Amino acid sequence: MADNGTQYPVFWLRLPKGEGIDRARGVLLNETGTNGSRKFLVQAGSPARELASVARYGSGPFRRREELKKTGVLIPSTHRPGWLELTEDVICGSPSFAAELLVGAPRNGWLEWRAGNGKPLADFMSGVWAGPSRPWLVRGSNVTGLDLVQRLWLPEGRITLAASHLRPGVMQGTSKEDLRAFVQEDYESTATYSQKQQLVEELHAFLSRMKPGDTVCTISGGHLYVGEITGGVEQVESENRRSNLRRPVEWQPTGYPYESLPEELQQKLSIQHDVFDLTSVQAHIEGLGLTNQELVEEAEAIERDPSTEIPAIAVRRDLELPEPTNALTSELLVHDIAWLREVRDLLADDRQLVLYGPPGTGKTYLALKLAEFLGGGPEQVKLVQFHPSYAYEDFFEGIRPQEDPQTREVAFRLTAGPLRELADLASREGNRHIPHFLIIDEINRANLAKVFGELYFLLEYRNKSVRLTYSGDDFALPPNLFVIGTMNTADRSIALVDTAMRRRFAFVELSPRTQPTSGLLRRWLEREGKDTEPADLLDALNSRIDEADFRIGPSYLMKKGVYREGGLERTWRTKILPLLEEHHYGEGVDIEKRYGLAALRESLG
């Protein structure tokens, strides 16, 4: 922060749609408020917009604006029709407060007020990083057993960090290397190695990365509270060293119920850090408490480019899976489009689904085709196949040997698996409203608890995040990531999925006894212009198999080789009958006499 004797230039603020209108003028004061916020004086004669955003009714600037109108300080301008102007100097609690007072909509005064040479006000503050504003999570609801949010932060307009053992005199803007040395010495006997590492990151964010104009969020009593940082860091001696580092904050008048927050925002807020960068969910934060219409009105008030979508509206748009079409129904030979709609709705609701049934029922083919249609193309689909030796390190991330392409040396490095790669792709900017699908073939062949690890939790609690085993990153499944598994129910060597798995997935049967599988071969033969005898034979075969899980699926008879000379007999002898021999192993059943083509043809007349 600048010394008290620093003299600042006059700063200018261009008002939206103010072509031909003089800019507002103001001066940053060395005087601070009771919470340490830098005050800002708006000079008499400065113009102001006539209209104010009703969405911000109840905010400090809105109330102050109404008071100034009543006292005759903010009046209709005599020489600027349709505008207001100040009749005397007005002192505001911060540059952002002053900008919102004049514009009638939220503004970042640290960037909007500019000197005559065009430099923003923030450039004149020592120890302040340049760049766009960021939102931050700072926790204060449980600081050594006390809720400082209700006790100190909201009443006094602050955020604090304990820094209970940090030496006095650490300045705003201190580098991370210096902080690392300070923490190593000051917390030598009071913190573990990992605690020291985390403390360095949090102190660096609080001292050097946060800046006036940034948004700050905190949680208390089941509500999220949002405010704006309005000044620099102050280091004090506090009660029981609970709040030694402080920053002034102008809080919004009300909090937002935690359960009503968007899922992506809840994911980030569940991360267990005392200070955390929330830039990835900034648009969600900006839209809190506002309707789409109010966001549009505010965008018009600040002259936003009309050709671009308002971020706060874009991120709240529901992710929609496409409506199945008649063309897709015909391609997949599904008996009724309503069945496809139901599968689509199950995915939309649960985001995880398993197609289960005997072999040959087209589970993998259907999963791939559905995913490509719902995701918009094959580039949004990734397939993996589970097997008994498949592990978490194969599926998500692990330490793997990798060769350096230049030195040709092999070293062990952290390597992302297919789920991590797809999750990173789905969460990229611009991809968040594009569905992405992970197909897990033979999902019940692996030890699911071992493969999924801590991710098992995320399949059920999509609004939470977890700390990863290898990288230590905080991770959440993107809302636009869907999982489709396939499960063979005939292989008795495969352990059936447990109750926890069934709770996390919707299960859809593909069986020769039910549609769309039961009539699939007949519909395919009719489309291909072939004789329907194979469908009659398959129906007769399955009628002789008592256990539904061992009935034969139509895929065996939907291949070109079946319809060459002798192909049907060859397929029946080498693929279908061996399955039934294994099923009846040790029972003394004459497989050929019961299931052979001759016997089935005789039964059909």
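Nothing here was measured: the structure is a model prediction, and the numbers come from that model.
Between Asp424 and Arg428 there is no salt bridge, since no side-chain N of the basic residue sits under 4.0 Å from a carboxylate O of the acidic one. Classification of Lys196 and Glu185 as a salt-bridged pair fails, no side-chain N sitting under 4.0 Å from a carboxylate O. Look at Glu454 and Arg467 and you find no salt bridge, because none of the NZ, NE, NH1 or NH2 atoms lies under 4.0 Å from a carboxylate O. Between Arg462 and Glu263, no side-chain nitrogen of the basic residue sits less than 4.0 Å from a carboxylate oxygen of the acidic one, so the salt-bridge criterion is not met. Of the charged side-chain nitrogens involved, none lies within less than 4.0 Å of a carboxylate oxygen, so that Asp214 and Arg247 do not count as a salt-bridged pair. With salt bridges taken as basic N to acidic carboxylate O contacts below 4.0 Å, none links Glu234 and Arg246.
Under a 3.5 Å cut-off, the side chain of Trp251 and the backbone N or O of Trp153 do form a donor-acceptor pair. Counting only distance, with no hydrogens or angles, the side chain of Arg504 and the backbone of Tyr456 share a donor-acceptor pair below 3.5 Å. Under the 3.5 Å distance criterion, the side-chain polar atoms of Asp89 are matched with a main-chain donor or acceptor of Ala44. The backbone N or O of Leu101 sits less than 3.5 Å from a side-chain atom of Arg65, completing a donor-acceptor pair. With Ser270 contributing its side chain and Ser465 its backbone, the two residues share a donor-acceptor pair below 3.5 Å. Looking at Glu397, its side chain never comes within 3.5 Å of a backbone N or O of Arg420 through a donor-acceptor pair. Remark: the backbone N or O of Ser175 is not paired with any side-chain donor or acceptor of Ser208 at under 3.5 angstrom. Checked by atom type and distance alone, the side chain of Glu112 never pairs as donor or acceptor with a backbone atom of Ala99 at under 3.5 Å.
Within a 6.0 Å sphere centred on NZ of Lys69, other residues, nucleotides and ligands contribute more than 12 heavy atoms. The neighbour count for Tyr461 OH, taken as heavy atoms of other residues, nucleotides or ligands under 6.0 Å away, does not exceed 12.
The side-chain hydrogen bond (donor to acceptor under 3.5 Å, both in side chains) search around Thr78 returns none, not counting sequence neighbours.
Inter-residue side-chain proximity for His79 and Glu85 is flagged as met; some heavy-atom pair is nearer than 4.5 Å. Looking at Glu250 and Pro61, their side chains come closer than 4.5 Å, going by heavy atoms from C-beta outward. Considering only heavy atoms from C-beta on, Ser243 comes within 4.5 Å of Leu152 through its side chain.
Phe40 and Trp113 have their aromatic ring centers within a separation under 6.0 angstrom.
Here the closest non-hydrogen pair linking Leu425 and Glu379 is CD2-O, 4.2 Å. Across every non-hydrogen atom of Tyr187 and Ser164, the tightest pair is OH-N, 3.4 Å. Scanning both residues, Glu100 and Ser59, for their nearest heavy atoms gives OE2-OG, 3.7 Å.
Under the 30°/60° scheme for interplanar angles, the aromatic rings of Phe276 and His273 are found to lie parallel.
Residue pairs meeting the salt bridge (Lys or Arg N to Asp or Glu O under 4.0 Å) criterion with at least one member in residues 171-180, sequence neighbours excluded, are Lys176-Glu201, Glu177-Arg180.
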